[in-house]
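Encoded as structure tokens, the structure appears first; notes follow it.
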Amino acid sequence: MFKAKIFVSSIRNLLSHPQFEHQQWRGIVKVRLKWVKNRSLDHVIDTDTDLKAACLLKDAIKRSPTGFLTAKSFADWQKLLGLTVPVLRFLRRYATLFEEFPHARYVNLPCFRLTGTALLLDSQEQSIHQAHENDTIERLSKVLMMMRSRTAPLQSLHSLKWDLGLPDNFEKVLIPKYPDHFSFVKAPTGVSALRLKRWREEFAVSALEKSNEGEEMGDEYRQFKRGQTTLAFPMNFPRGYGAQKKVRAWMEEFQKLPYISPYEDSRHIDPNSELMEKRAVGVLHEFLSLTIHKKTKRNYLRSLREELNIPHKFTRLFTRYPGIFYLSLKCKTTTVALKEGYRRGKLVNPHPLVRLRHKFYHVMRTGLLYRGKGANLIPREDILLKDMENRMEDKEEEGGDYDDDDDEDEEYEEIETGDEYDEETSDVED
């Protein structure tokens, strides 16, 4: 502990030294890289788009006082749900989750309620939320701790609730249970926001720092004095990049810059310096680490850009560091994923809620097999879920150990990404 305090103190003294203020301007020669498509991660994003839409529709039906939704009520939800097909067609695809029936008064108006299987999966989801509530509170607290004002608009948090693993209606079912942790406030812009009431020092440890907890701090300090640091971002470059000398030299210089915790005050760092860029990379790395799927939409991050103190055109950070991030253009939107969170298109350490969502997706896919065959032919929920669990177990056994090399899932695209990247027109609004 004493060595750790010396190391942290030494870093802070170095950052505040006048000589280091000049070193912040030291130019690192950046290499222009081509964007590389990763088919396995694109497939994950494509799959999760339908899965997320189905889960959001499930929650909307649950919230409805009638216990069902009419086709008229969700007619304009297609863009909101990120779907490429009309919502009515989407619901009819998945008869294992959504049961269609005619309205009591308007027989030509389709209505949808949850099947027994969907209700059973939802009850399992609520059990997971209750069992892992402390983890959820820590995750939400850490998100707020990264904000300048320790505050985030509720609208932004609602957009992120799927990614952060927050329960539906979290502001009503979760936040009131922790009055010592959070409070509702009005932001300067007039919107409703959630504020962290007290700083939690035990939470102010980033995922990158946790991954280095086993290192000996004395050795780490000696390596830092030699121009190295063990707090280096894991790198998984697309095929061909890692062997390029100019790319290796660039990344080595980048890794030698001190790591600034996303929970530390960054106001003393020059906003145009290389150090601030590394700090921004660290913030984005930590934010994606807090998401349970290790990815989120770029527009969700954009809504929090000022509070996170990251550059206006922060998309260039994702394309500039392809060893850390992957930028996907699937499903008419821009999604960013943390590469170290995946191997062969699968999450390395899936959260229990992610495992439950995999079950949900299997039931969705089974629904496609019975589409148009009649509700009587759909297996009962106990048979359906048992079959699903058996298939998931078989799939895990067949998977075996993962190889660190994802090269066969990547292909080059003739798209260069640099400072001229037009982040305002690269995708539709989410």
Side-chain angles (χ1 to χ4, degrees), residues 41 43-45 47-59 62 96-97 114 116-143 157-175 177-178 181 200 202-203 205-207 210-211 286-296 337-338 340-366 381-382 384-402:
L41 289 180
H43 177 69
V44 170
I45 291 164
T47 297
D48 284 358
T49 297
D50 279 2
L51 173 59
K52 178 181 177 180
C55 289
L56 293 179
L57 284 166
K58 181 262 295 179
D59 292 338
K62 272 191 62 184
T96 46
L97 294 173
L114 298 179
T117 304
L119 290 170
L120 181 57
L121 287 170
D122 181 74
S123 68
Q124 294 179 4
E125 179 182 339
Q126 304 315 312
S127 297
I128 291 175
H129 281 307
Q130 293 175 9
H132 296 271
E133 191 167 283
N134 290 337
D135 174 60
T136 304
I137 291 300
E138 178 177 350
R139 195 159 52 248
L140 182 57
S141 297
K142 296 183 79 164
V143 167
L157 293 176
H158 270 288
S159 298
L160 285 159
K161 70 178 180 179
W162 163 270
D163 299 325
L164 294 174
L166 302 177
D168 188 44
N169 271 347
F170 67 91
E171 75 278 12
K172 296 179 180 178
V173 302
L174 181 66
I175 302 303
K177 295 168 64 175
Y178 297 87
H181 293 66
R200 303 291 296 274
E202 67 274 22
F203 292 166
V205 181
S206 69
K210 283 184 178 180
S211 68
E286 178 69 2
F287 197 99
L288 291 171
S289 296
L290 291 174
T291 63
I292 62 175
H293 289 274
K294 309 307 175 192
K295 61 181 177 62
T296 192
L338 190 63
E340 69 191 71
Y342 289 86
R343 288 184 184 175
R344 299 286 184 178
K346 296 180 183 295
L347 281 168
V348 177
N349 295 307
H351 188 276
L353 191 56
V354 173
R355 295 183 182 276
L356 188 277
R357 288 173 178 174
H358 287 166
K359 293 183 180 181
F360 202 91
Y361 184 72
H362 178 84
V363 172
M364 289 173 61
R365 298 297 298 173
T366 305
E381 54 263 26
D382 55 343
L384 185 60
L385 293 177
K386 183 63 177 177
D387 176 65
M388 169 202 61
E389 290 171 357
N390 290 338
R391 290 194 181 190
M392 290 182 67
E393 289 175 0
D394 292 343
K395 194 171 183 179
E396 289 179 359
E397 290 177 0
E398 292 173 1
D401 295 331
Y402 290 122

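This structure is a prediction, so every number in the text was calculated from the model and none was measured.
Considering CG of Asp135 and CD1 of Ile128, their distance stands at 12.0 Å, rounded to 0.5 Å.
Here the side chain of Lys161 pairs no donor or acceptor atom with the backbone of Leu166 at under 3.5 angstrom.
Across all non-hydrogen atoms, the minimal contact from Leu347 to Ile292 is CD1-O, 3.7 Å.
A 6.0 Å sphere centred on NE2 of His43 holds no more than 12 heavy atoms belonging to other residues, nucleotides or ligands.
Shown are Glu125, His362, His293, His351; of these, the side chain to side chain donor-acceptor pair (under 3.5 Å) with Arg357 is made only by His293. Screening Thr291, Thr296, Leu51, Leu353 for a side chain to side chain contact (heavy atoms under 4.5 Å, CB included) involving Trp162 leaves a single residue, Leu51.
Side-chain contact between Glu133 and Lys177 is present, with heavy atoms from C-beta onward closer than 4.5 Å. Looking at heavy atoms from C-beta onward, Asp168 lies out of side-chain contact with Lys62 at the 4.5 angstrom threshold. Between Asp163 and Phe287, the closest side-chain pair of non-hydrogen atoms is not below 4.5 Å. Between Pro352 and Leu356, the closest side-chain pair of non-hydrogen atoms is not below 4.5 Å.
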Quiz prompt | Residues Glu138, Asn134; criterion side chain to side chain donor-acceptor pair (under 3.5 Å); working and verdict | solution = CA-CA 6 Å; Glu138 178 177 350; Asn134 290 337; over 6 Å; no

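The existence of a salt bridge linking Glu286 and Lys142 is confirmed by a sub-4.0 Å separation between a basic side-chain nitrogen and an acidic carboxylate oxygen.
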